There are 2 protein chains.
Amino acid sequence: MKELTKQQLKVLKSVEVYLKKTGFPPTRVEICNELGFKSPNAAEMHLRALEKKGYIAIKSGSSRGISIVKNQKVFGTNLDQMPVIGLVAAGSPTLAEENIEKRIPCDPNMFKENFDYFLRVKGLSMMDAGIHEDDLVAIKKTTEVKNGDLVVVRLEDEVTLKYFKKDNYILELIPANKDFSIIKVDLREQEAFVEGKSVGLIRTH
Amino acid sequence: MKELTKQQLKVLKSVEVYLKKTGFPPTRVEICNELGFKSPNAAEMHLRALEKKGYIAIKSGSSRGISIVKNQKVFGTNLDQMPVIGLVAAGSPTLAEENIEKRIPCDPNMFKENFDYFLRVKGLSMMDAGIHEDDLVAIKKTTEVKNGDLVVVRLEDEVTLKYFKKDNYILELIPANKDFSIIKVDLREQEAFVEGKSVGLIRTH
DNA sequence: TTATATACTGTAAAAATATACAGTATAAAT
DNA sequence: ATTTATACTGTATATTTTTACAGTATATAA
């Protein structure tokens, strides 16, 4: 990262302190009051310099639209609140607010591939794969899946979590519990929509 | 804390998500856009209700002057690099640098209880509990465990992950795979050290 | 000497924003 | 039957805030 001038560092620190104290970023005028400047433009120019050098991001047009850019080399990834969605038998899992049970603070890149949401598993059909009722399966929204992937598939209005196997126009959806039967779909007769695939799982003991 | 209505909770969550994403709080209009309200006054009234109930603070006259009031019970969202340790048959799992396979960015409070490290599971003895080889079990360092907990126990030099059951002097360490046998320890004859217990699990597919 | 970068003052206008006020609708409680 | 609480729409306005523009001053480099 580029070096900061003495004044730029002062402004950056001042923003950080204000953020910590209030929970939201300062305005130009507030920075001026803090540091004794008499023109809002003084703060403005320092902020733009800090932005150019990569220390902060400024959302144009927004009031208090300053965010501190974390040093990516140190932390690597971002902490997000990943939504948890119940696997409802009918209808696709959507990220609409009313479907979100809660949110879990974690990194969307914590698994090998990034993911978009957690699906709360209902039913016992994946028991033999070590997936239990109420486990949270991390789902990446994608239609690019390959045989053997654990996928979220919609048939008509029913959504299920199954292993994917496709041979020409025959799609097989394989549960991992011998007590459940394989669903075979002839894609010439019936449509199947792949909503996403699982990239990981978490469970609370 | 006072109970929140469904809509108030939605607004609170929406503010939290916005904050996490952008680093600064949303405006009334932005909350409306997010939740589908058509009047900024809808957001305003929910915010005032949240303020009155103690969930947020609003700095009057300031744009985006919303701050989340933390209560200790609500999970703090700290991004940490949680270490992954291999379950070595001999010797306790230590957090010494040479034992750390890698680090995973996630929140130590992502499960119901906080944890200290991940243990990479070796062997198949927990198969029936839905725990597979190479799963990562989140371990909280503690000696306070109760019957039924999944615990990390050291017997002599051997460390294992088993279900805990203690009846006076007799400690039983129960695997979850019928092909493995229960380890019975008479604590008058042999020492057993509880290193910690599992509070969760993650798996990469 | 002449740029050039840093570091400001001072002013002003346009846009963003909070917030008050007047309503409507609905369900639950009295 | 009437009140009360929740949950909004719709409009308006005063205030906050960003941001552009025109300057001044000083130190350093070319």
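The basis for the numbers below is simple: all heavy atoms, side chains too, and nothing from hydrogens, waters or symmetry mates. To find a chain, count down the sequence lines: A is the first, B the second, and so on, and within it residues start at 1. Not measured: the values here are computed from a predicted model.
The shortest side-chain heavy-atom distance between A:E189 and A:Y169 does not fall under the 4.5 Å cut-off.
Here the side chain of B:R28 is nearest to one of C:dG10, D:dT18, C:dA18, namely C:dA18. Of the candidates C:dA18, D:dT11, C:dC8, D:dT11 carries the atom nearest the B:P40 side chain, counting heavy atoms from C-beta on. Here the side chain of B:T5 is nearest to one of D:dA7, C:dC8, C:dT19, namely D:dA7. Side-chain proximity of B:H46 to the nucleotides D:dA7, D:dT11, D:dT18 is greatest for D:dA7. For B:S63, the listed nucleotide lying nearest its side chain is C:dA18; candidates were D:dA7, C:dA7, C:dA18. With distances taken from any side-chain atom of A:K38 to the nucleotides C:dA7, C:dG10, D:dT17, the minimum falls on C:dG10.
Residue B:S62 is the one, among B:M45 and B:S62, whose nearest nucleotide of DNA chain C lies closer to the 5' end (criterion: closest heavy atom). Nearer the 5' end of DNA chain D, as judged by each residue's closest nucleotide, is the contact made by B:K6, out of B:K6 and B:S39. The nearest heavy atom of DNA chain D to B:G36 and to B:G61 marks one nucleotide each, and the one closer to the 5' end goes with B:G36.
Note on A:Q7: only backbone sugar-phosphate atoms sit closer than 4.0 angstrom, heavy atoms only; bases stay farther off.
Within a 6.0 Å radius of CD in A:E191, other residues, nucleotides and ligands contribute 12 heavy atoms or fewer.
Between B:R64 atom CZ and C:dA16 atom P there is a gap of 11 Å when expressed in whole angstrom units. Atom CD in B:E44 sits roughly 18 Å away from atom P in D:dG10 (whole-Å rounding). Rounded to an integer number of Å, the gap from A:L9 CG to C:dA7 P is 11 Å. Look at NZ on A:K59: it is 13 Å from C1' on C:dT17, rounded to the nearest Å.
Judged by distance alone, the side chains of B:N147 and B:K166 never bring a donor and an acceptor atom under 3.5 Å apart. Side-chain contact check for B:E30 and B:Y18: at least one donor-acceptor pair (N or O, by modelled atom type) lies under 3.5 Å.
Contact annotation: B:R48 reaches the phosphate of C:dT19 (side-chain N/O to OP1 or OP2, under 4.0 Å). Residue A:S60 places at least one side-chain N or O closer than 4.0 Å to OP1 or OP2 of D:dT19.
For B:N41 and C:dT19, a side-chain-to-base donor-acceptor distance below 3.5 Å is absent, hydrogens and geometry of angles not being considered.
For B:E16 and B:K20, the salt-bridge test fails: no basic side-chain N is under 4.0 Å from an acidic carboxylate O.
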